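Along the sequence shown, residues carry numbers from 1. Whatever order the structure lists ligands and atoms in, that order sets their numbers, starting from 1. Just so you know, these numbers use all the heavy atoms, side chains as well, and skip hydrogens, waters and symmetry mates. These figures come from a predicted structure and were not determined experimentally.
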Amino acid sequence: MRPTQCLLRCILAVVPLRCSTTLASEHRPQRPLAPIQRLDEAYSNHEPLLSLHQKLVEIESITGNEHDVGVYLHNYLTKHNFTVERQSVGTVSDDLDSRQSNKKPRFNLFAYPGEKRDTRVLLSTHIDTVPPYWPYEIRNGNEIWGRGSVDAKACVATQIMAVDELRVSGEIKPGDVALLFVVGEETGGDGMRTANELQLEWETVIFGEPTELKLASGHKGILFFHIKAQGKAAHSGYPWLGENANSRLIPALAALLKTELPSSRKYGNSTLNIGRMGGGVAANVIPESATADVSIRIAEGSPQETRQIVLDVLNKVDDRLDTTFGEISYGPVYIDSDIDGFETVTVNYGTDIATLKGNHKRYLYGPGSILVAHSDHEHLTIGNLTAAVEGYKSLIRHALKQNR
Ligand SMILES: *[C@@H]1O[C@H](CO)[C@@H](O)[C@H](O)[C@H]1NC(C)=O
Ligand SMILES: *[C@@H]1O[C@H](CO)[C@@H](O)[C@H](O)[C@H]1NC(C)=O
Ligand SMILES: *[C@@H]1O[C@H](CO)[C@@H](O)[C@H](O)[C@H]1NC(C)=O
Ligand SMILES: [Zn+2]
């Protein structure tokens, strides 16, 4: 099927998720190829960092398909004298995985210099990306484009370089720092949930996500829900013989859009996104069912409070709607950011931070900007990559200086 047909099918069937995953695996969308470019000469002494980053971006690892990039990293880390453990993580849900005929095993990687797996500090980020795949490209001599170039393969590469450089210079010893690269962050965190089974504790965990080289002091929480309106099909010429499910869902969604949700000074307003809708089969048929997938980025309070607001609004409009809430939900997440020399920022995206259990201090830091992550123009500057290696080294040094 050509992408245009796929798009048409998707519009008709209102199943955009399938469309994007189909596109990702079978029909990588084409964008005009930029002329092949070289990096500016000035970057030649960063070759190890840049070639690791390039290799990671070149290996497609859309959630569910992380196997190959995991194997590459395992070999890379072993060559650099890390002890590497694979932690098996199950396959992703059928919805995401239907595109894969040959399911390869998925695994987290846990790596540390020397033999001591119990360390004081952990650096962690994710190796999966969102669809679709975009190839690696250099533009303007100092920009690197491609899926994952920012989120989060920039973090993977710079975290590894930071730890490796400190190891080679003798600033860290076995027992100081470990690396954890998880699968499945982009679709709810099954990799990080599994990482809890490592049964390890750390004083400090440094998470990698794009923060434009600032320390994030917190991020919003999240709540997912699915609304279903049930109707009764009939000929559209005789609407009284049926019940229109779309006509029941639309006022409910309209009421949600008008609802004031909790806000706070630190995070601003909670925001609501009606991300996916479906309903009916044809213009001349009264729709039998209608559905909507909605998420709220929570700026204040617990997910239960926001959940109650949603239920109250929906019940007032139509008490026969069927609303189910997603398994994953959390309120705003506090993150430590008490280190001199770093700017701080709050961010609106979710992370694995809340998923990793323990009483560790937590930091969130990484190269590149979230504003281009997940887009078709995902890219960052080489300056951001090289600065992040230094940034992670400072964070590790700071964490190791803390008293136990
Ligand atoms: C790895 O360790 C071996 C033996 O200790 C050493 O000879 C080698 O140089 C190390 N390799 C790297 C990349 O550090
Ligand atoms: C938050 O929402 C209120 C209205 O509900 C609006 O006036 C305000 O501008 C919003 N703040 C931000 C930061 O978007
Ligand atoms: C890093 O990237 C951000 C956002 O793209 C930019 O504002 C900042 O100037 C860059 N910093 C460096 C050191 O390259
Ligand atoms: Zn990410």
For His126, what is the atom name of its N, O or S atom nearest to the Zn ion (ligand 4)?
NE2

So between Gly383, Ser369, Gly391, whose heavy atom ends up nearest atom 5 (O) of ligand 3?
Ser369

If you measure every N or O of Asn81 against every N or O of ligand 1, does any of those distances drop under 3.5 Å?
yes

Backbone, side chain, both or neither: what part of Leu380 comes under 4.0 angstrom of ligand 3, heavy atoms only?
neither

Run the salt-bridge test on Asp190 and Arg106 with the 4.0 Å N-O cut-off and return the result as yes or no.
yes

Any donor-acceptor pair under 3.5 Å from Glu378 side chain to Gly148 backbone:
yes

Are any of the side-chain nitrogens in Glu327 or Arg193 under 4.0 Å away from the carboxylate oxygens of its partner?
no

Hey, which atoms in ligand 3 end up nearer than 4.0 Å to a heavy atom of Thr381?
14 (O)

Considering heavy atoms of the protein only, find what lies nearest to atom 1 (C) of ligand 3 and give residue, atom and distance to 0.1 Å.
Asn384 ND2, 1.5 Å

Below 4.0 angstrom from a heavy atom of Arg167, which ligand 1 atoms are there? Numbered from 1 as shown, please.
14 (O)

Ser61 pairs by side chain to side chain donor-acceptor pair (under 3.5 Å) with which of His67, Lys153, Glu66?
Lys153

Under 3.5 Å, is there a donor-acceptor pair between the side chain of Asp352 and the main chain of Glu185?
no

For the Zn ion (ligand 4), find the closest N/O/S atom on Asp151 and give its atom name.
OD1

Might you check, step by step, whether the distance between atom 3 (C) of ligand 1 and some protein heavy atom is under 4.0 Å?
yes

Where does the angle between the aromatic ring planes of His219 and Tyr349 fall among parallel (under 30°), tilted (30 to 60°) and perpendicular (over 60°)?
parallel

Atom CD1 of Ile138 and atom CD of Glu143: how far apart are they, to the nearest 0.5 Å?
11.0 Å

Would you confirm whether Thr158, through its side chain, and Ala154, through its main-chain N or O, come within 3.5 Å as a donor-acceptor pair?
yes

Could you tell me if Asp340 and His398 have a donor-acceptor pair between their side chains, going purely by distance under 3.5 Å?
no

Residue, atom name and distance, where the atom is the protein heavy atom closest to atom 7 (O) of ligand 3:
Glu212 OE1, 4.4 Å

Evaluate the 4.0 Å heavy atom contact test for atom 14 (O) of ligand 3: does a protein atom fall under the cut-off?
yes

Among the N/O/S atoms of Glu209, select the one at the shortest distance from the Zn ion (ligand 4) and name it.
OE1

Going by the atom numbers of ligand 3, which of them fall below 4.0 Å from some non-hydrogen atom of Leu213?
11 (N), 12 (C), 13 (C)

